[in-house]
Novice: 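Let me give you the structure first, and then I'll get to my questions.
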Amino acid sequence: MTRRAAVRLGDAAAFLVRRLTALRAGARFLVALRAGARFLAALRAGARFLVALRAGARFLAALRAGARFLVALRAGARLVAFLAVARFLVVRLAALRAGARFLAALRAGARFLVAL
């Protein structure tokens, strides 16, 4: 083997080593890129989870508001029933008062007849 052939062989070996090193570095870069893509996918999934969590919180708030509405509705129904009872009592008391006036007029009429 001549010196020139040995130098060329050495140059070729160095070239191959550099190319393999570059390929290895590229492979490492691709592995890191894949890991980054996985991380971004997990980040997106986490963001979706947070959006779903927020939607769940809004749903629970609406549910609570609905429960408060039902309580208010029930209280309103109680108020309407109370007002109906109150109106009934007012009508009965007016009738009672009218009956008392009628009895007073009847007594007065009886006294008038006795006085004759």
Side-chain angles (χ1 to χ4, degrees):
M1 175 180 268
T2 63
R3 186 180 169 148
R4 188 180 235 177
V7 169
R8 280 191 180 166
L9 190 60
D11 286 344
F15 176 78
L16 283 176
V17 167
R18 275 188 299 227
R19 289 293 176 212
L20 287 175
T21 304
L23 279 174
R24 207 179 287 152
R28 279 193 225 118
F29 173 73
L30 286 176
V31 167
L33 205 60
R34 273 194 208 133
R38 278 191 228 119
F39 170 74
L40 286 176
L43 206 61
R44 272 194 205 126
R48 280 190 223 118
F49 171 74
L50 287 176
V51 167
L53 204 62
R54 198 177 294 153
R58 281 192 212 122
F59 171 73
L60 287 177
L63 208 61
R64 279 193 201 127
R68 279 190 228 117
F69 171 74
L70 288 176
V71 167
L73 200 64
R74 198 177 298 155
R78 285 188 199 132
L79 177 68
V80 168
F82 171 75
L83 290 177
V85 168
R87 190 177 342 153
F88 173 78
L89 289 176
V90 166
V91 168
R92 291 292 170 212
L93 286 175
L96 209 65
R97 201 178 297 148
R101 278 193 219 118
F102 173 73
L103 286 177
L106 204 60
R107 276 190 198 146
R111 279 190 215 126
F112 173 73
L113 286 177
V114 170
L116 281 180

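Small disclaimer: the values here were computed from a predicted structure and weren't measured. Throughout, residue positions are numbered sequentially from 1 according to the sequence presented.
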Novice: Could you work out, with side chain to side chain contact (heavy atoms under 4.5 Å, CB included) as the rule, every residue matching Arg68, not counting sequence neighbours?
Specialist: Arg64, Ala65
Novice: Does Asp11 form a side-chain contact (heavy atoms from CB on, under 4.5 Å) with Phe15? I'd like the steps, not just the answer.
Specialist: CA-CA 6 Å; Asp11 286 344; Phe15 176 78; over 6 Å; no
Novice: What residues, two or more places apart in sequence or in another chain, satisfy side chain to side chain contact (heavy atoms under 4.5 Å, CB included) together with Leu16?
Specialist: none
